[in-house]
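Worksheet: one structure, shown below.
Just so we're on the same page: letters track the sequence lines, and every chain starts at 1. Because the structure is a prediction, the values reported are computed rather than measured.
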Amino acid sequence: MQEKYTPSDIERSRQAHWESSQSHRTLEKSTSPKYYCLSMFPYPSGKLHMGHVRNYTIGDVLARYHRMRGFNVLQPMGWDAFGLPAENAAMANHVPPAEWTYANIDHMRTQLRALGFAIDWSRELATCKSDYYRWEQWLFVRLFKAGIIYKKMASVNWDPVDATVLANEQVIDGRGWRSGALVEKREIPMYFFRITQYADELLAGLDKLPGWPERVKTMQANWIGKSVGVRFAFPYQLDNQPGKLWVFTTRPDTIMGVTFCAVAAEHPLATHAAKNKPELAAFIAACKQGSVAEADMATMEKKGMDTGLKVTHPLTGEAIPVWVGNYVLMSYGDGAVMAVPAHDERDFDFFIRYKEQFSPLKPVVAPLNWIGQEITTSPSGSGVGIHPLQWAPSISIPGGEARFWTEWDERFSEKGICVNSGKYDGLNYVQAVDAIAADLEALGLGEKKTQFRLRDWGISRQRYWGCPIPIVHCAACGDVPVAEDQLPVVLPENVVPDGAGNPLNRRADFVDCTCPQCAGPAQRETDTMDTFVESSWYYARFACPDFTDGMLDGRANAWLPVDQYIGGIEHAILHLLYARFFHKLMRDQGLVKSDEPFLNLLTQGMVIAETYYRENADGKKTWFNPADVVNDENGARLKSDGQPVIVGGIEKMSKSKNNGVDPQALIDLYGADTARLFTMFAAPPEQSLEWSDAGVEGAHRFLKRLWRTVYEHVQQGEVAIYQAGELRDELKTLRRQLHQTIQKVSDDIERRKQFNTAIAAVMELMNALIKIEGSDTLTRSVRQEVLEAATRMLAPIVPHICEVLYAELQPGADAQITWPTVDESALVQDSVELMLQVNGKLRGQIVVATHAARDVIEAAALSSAAAIKYLEGRPPKKVVVVPGRLVNIVL
RNA sequence: GCCGGGAUGGCGGAAUCGGUAGACGCAGCGGAUUCAAAAUCCGCCGCUGGUAACAGUGUGGGGGUUCGAGUCCCCCUCCCGGCACCA
């Protein structure tokens with residue numbers, strides 16, 4: 001055995017061994033239970049970053065642990081290879097996205113291999129290859145024919161200068177990132193997946209996922225946003241034509257308080273009213289400026305303008321003014337809302353802002369009372385600005401003075417008993433909803449309805465580097481799906497985009513084709529699919545990546561569902577919801593049998609780092625990598641020129657902010673095992689990890705110490721592991737700690753998935769071992785037991801060094817290392833130390849027999865020196881005994 | 001703005017079911033070894049007072065429940081993620 005730990009040598013030789021013996025190749029046929037361990041596949045951005053290392057190390061630890069436990073493990077890897085960054089890189093370097101992508105894949109594959117992940121590389125796939133995406137096109141065609149995919153108009157960000165559609169990320173402060181032009185919303189035709197048809201199942205399915213984190217399930221449930229309410233209409237006459245303005249509300253009980261209606265800027269009523277009102281047309285145009293991102297819409301100042309149109313309140317017959325509101329989303333419900341300023345905060349803010357314009361200015365109708373609010377006397381205060389607490393009594397007095405308040409109070413939106421609501425007075429929420437819904441239904445103007453916040457999934461992208469949408473546009477036949485035997489529609493790979501629209505539009509060889517239906521001349525669709533489509537089913541394709549006769553074969557059902565899925569928390573909603581949806585689509589197409597794709601989910605926290613930038617003369621930002629910046633008491637400066645840079649805040653490592661830390665330097669300096677150990681040790685996996693280099697040294701030091709300890713032990717010659725015989729106390733304690741550690745580490749990895757504490761426990765064990773002296777056979781045999789177990793426990797985390805050390809401890813044992821088992825007899829302990837508290841403060845310790853009775857413990861506690869000191873002869877008021885933990889004496 | 005999460009020593013973090021706050025590691029300080037340094041080993045290490053024993057105090061801020069709160073409840077601040085075309 002070598003005296004010195006040389007990671008580069010042992011890692012290279014171990015990896016060569018794994019490769020030549022195909023150690024990580026998954027068995028197709030096995031009597032062992034299966035364990036499908038999947039980490040979210042990477043976008044091939046160029047180099048691995050720390051987030052990847054963290055993600056894939058977690059997966060590898062779980063995969064290797066389960067293999068040690070006798071499972072038949074599948075751990076595949078692939079590439080989410082279509083996407084926007086490839087087009088950006090293509091424009092910057094004048095290289096086709098395909099070339100850039102394949103080069104990145106090659107580099108990143110080498111990096112993943114260097115980290116020693118137990119991946120079955122024979123199943124590798126890349127989504128940009130036609131043997132993958134052809135099945136996506138095949139499914140598209142089937143779903144299109146089944147009506148699950150349909151076409152409708154939708155808003156996109158339009159850059160009028162570059163004449164191109166922009167991603168939300170490419171809109172910065174309302175302007176195009178390259179042109180700097182003010183971005184506009186533009187309506188274009190797009191294909192949609194009817195995900196809303198599965199909304200109920202996607203919501204209900206969350207309850208059948210006990211292996212998913214609560215936070216993810218809560219986020220998805222809120223995203224789907226099921227709400228029960230009433231959809232109803234305000235009738236109107238326009239140019240002597242009758243019409244209905246439809247709205248949805250979850251608060252039909254407040255319908256008697258409707259003061260106005262607000263419609264989205266794109267709403268037909270708004271468009272109509274703007275015809276003869278230039279100022280309204282200008283306002284609507286202003287609403288259409290800026291990005292389509294909901295975050296931008298929601299943080300915008302709430303503005304509106306009266307259309308001058310009036311609709312009729314369906315129950316009171318009152319004329320209700322219609323406004324255009326920039327906060328009303330056309331994509332939600334009917335693009336219009338009723339406004340009840342008395343009971344909705346957003347309506348309230350809007351009303352206060354424009355109160356002069358509501359003509360005549362009328363006090364807010366207040367139909368509800370607060371639950372449990374006692375109605376006593378009329379307050380003496382009057383007029384504007386009255387305290388909200390005085391409001392409820394004041395409005396409840398019949399014929400009493402109506403009041404106006406200027407500050408919102410959370411209680412205004414609580415549900416209560418109807419007042420000032422005509423025939424509905426005195427009804428509670430449920431009764432009022434039923435009565436009002438029944439009345440609206442009798443009028444033919446509304447009904448109860450379940451509404452989802454979830455919207456159908458628009459998948460058309462006006463981009464080149466994606467999977468072509470297999471549709472042909474024929475003047476005679478319309479939109480025709482490509483025939484199955486014509487698939488795949490292959491994306492040409494030699495194109496360099498230039499930022500001005502989709503270059504496919506200019507490729508006659510791609511666009512011009514014949515109609516699959518009438519064989520006449522036709523044009524191919526040039527939009528490509530959202531890259532989330534590729535990542536929605538790759539987990540299934542890994543079971544049978546070589547299958548050429550269909551999307552999936554029977555192996556998919558053998559492996560699915562994925563037993564453990566691991567990926568960043570940033571995917572909690574979109575990717576994970578789309579993948580769940582796709583699984584149900586595939587199930588309904590007879591491709592898979594299960595209902596859910598991922599049994600257990602681990603959402604790793606993000607690796608975040610400081611961002612640094614400089615603003616150029618044109619206002620654009622140049623981002624600098626943290627590795628190129630010094631940030632000390634003199635501020636942040638660029639290493640290369642010593643000039644200051646602006647600190648942009650700590651954010652998720654990303655290419656756009658250039659704050660990714662390259663793990664390569666770490667691997668080069670310390671080896672893969674140190675990189676893996678430190679990443680797992682630095683923080684628990686679900687927590688976000690702010691990157692710092694400090695501490696890596698400590699992880700490396702631990703591995704060196706482990707090596708040396710085994711070396712010194714092995715140098716003394718072979719010894720069998722401890723099996724039986726009388727041990728001195730010191731060794732008994734060490735063995736107890738060893739088996740407690742095995743128990744803890746197993747639980748930490750398998751159940752808690754908290755690897756940092758597993759590592760800490762082994763470190764403690766090693767610290768205890770090093771303190772034991774002596775080279776007698778008994779001592780050496782216990783030491784052998786501890787070292788064998790320690791290397792086995794660390795093997796999933798630092799496999800290279802552990803396999804080498806284990807082979808030194810067990811010469812000739814070349815088989816798969818197994819997980820150590822707990823010796824229950826080693827755990828037995830005769831006495832236990834209890835904490836002694838007086839009035840909840842720690843005042844001492846007592847030692848009692850392990851299973852001592854409560855009264856024995858109490859007596860021991862009361863006779864202890866500490867108790868006598870604090871009791872000063874008085875009897876205790878109460879004694880709390882928590883067996884195995886503590887005794888609390890209350891004075 | 002809405003939804004979800006987080007805040008514990010100089011730093012990363014531990015405390016798993018309401019029961020010893022600070023495990024483990026980093027940094028720092030002191031010592032050993034060395035011609036010297038690196039590496040390694042030993043010891044100390046929340047804050048305040050005290051030579052010490054010990055006492056007080058302490059888990060973002062404010063309030064509450066409890067014999068006992070980092071952990072539960074209410075309110076607030078700041079930070080991070082997502083918001084449908086970044087992936």
### Query
Taking it one step at a time, do A/Asn502 and A/Asp527 satisfy side chain to side chain donor-acceptor pair (under 3.5 Å)?
CA-CA 8 Å; A/Asn502 183 349; A/Asp527 279 1; 4.8 Å; no

### Message
I'd like to know whether A/Phe82 forms a ring pair (Phe, Tyr, Trp, His ring centres under 6.0 Å) with A/Tyr43, so could you lay out the CA-CA distance, the side-chain angles of the two residues, the decisive distance to 0.1 Å, and finally the verdict.
### Response
CA-CA 8 Å; A/Phe82 278 135; A/Tyr43 176 78; 10.0 Å; no

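Taking the nucleotide of RNA chain B with the nearest heavy atom to each of A/Asn756 and A/Glu169, the more 5' of the two is matched to A/Asn756. Between A/Ser460 and A/Val216, the one whose closest nucleotide on RNA chain B sits nearer the 5' end is A/Val216.
Here A/Ile650 lies in heavy-atom contact (under 4.0 Å) with sugar-phosphate atoms only. At the heavy-atom level, A/Gly605 lies nowhere under 4.0 Å from the strands shown. Residue contacts for A/Lys4: at a heavy-atom cut-off of 4.0 Å it reaches no nucleic acid atom on any strand shown. Residue A/Tyr327 is out of contact with every strand shown, counting any heavy-atom pair closer than 4.0 Å. At a threshold of 4.0 angstrom between heavy atoms, the contacts of A/Val879 with the nucleic acid are absent. Counting non-hydrogen atoms under 4.0 angstrom, A/Thr531 reaches the backbone sugars and phosphates but no base. Among the heavy atoms of the strands, none lies under 4.0 Å from A/Gln170. Nucleic acid contact class of A/His575 (heavy atoms, under 4.0 Å, all strands): none. Nucleic acid contact for A/Met529: none, since no nucleic acid atom lies under 4.0 Å from a heavy atom of the residue. Among the atoms of the strands shown, base atoms are found under 4.0 Å from some heavy atom of A/Arg453. Note on A/Arg885: only backbone sugar-phosphate atoms sit closer than 4.0 angstrom, heavy atoms only; bases stay farther off. Backbone-only engagement by A/Glu764 is indicated by non-hydrogen atom pairs under 4.0 Å involving sugar-phosphate atoms exclusively. As judged by a 4.0 angstrom heavy-atom cut-off over every strand, A/Asp80 is placed among residues touching the sugar-phosphate backbone only. Counting non-hydrogen atoms under 4.0 angstrom, A/Gln687 reaches the backbone sugars and phosphates but no base.
Listed candidates were B/A87, B/A84, B/G81. Nearest to the side chain of A/Pro85 is B/A87. Between B/G25, B/C67, B/G1, one nucleotide has an atom nearer to the side chain of A/Ala298 than all others, and that is B/G1.
Counting distance only, with no hydrogens placed and no angle test, the side-chain atoms of A/Asn222 and the base atoms of B/C3 include no donor-acceptor pair under 3.5 Å. Under 3.5 Å, the side chain of A/Arg751 and the base of B/U16 form at least one donor-acceptor pair of N or O atoms. Counting atom types as modelled, A/Lys841 pairs no side-chain N or O with a base atom of B/U57 as donor and acceptor under 3.5 Å.
There is no side-chain donor-acceptor pair under 3.5 Å between A/Ser179 and A/Asp162.
Phosphate contact (OP1/OP2 of B/A84, side-chain N/O of A/Asn168, threshold under 4.0 Å): present. For the pair A/Arg701 and B/A27, the criterion of a side-chain N or O lying under 4.0 Å from OP1 or OP2 is met.
Here the rule is side-chain contact (heavy atoms from CB on, under 4.5 Å) with A/Phe755, and of A/Thr679, A/Ile749, A/Asp748, A/Val745 only A/Ile749 fits it.
Between A/Gln837 atom CD and B/G68 atom P there is a gap of 10 Å when expressed in whole angstrom units. As rounded to whole Å, 14 Å separates atom C1' of B/G12 from atom CD of A/Gln754.
The glycosidic torsion of B/C72 lies more than 90° away from 0, which places this base in the anti conformation.
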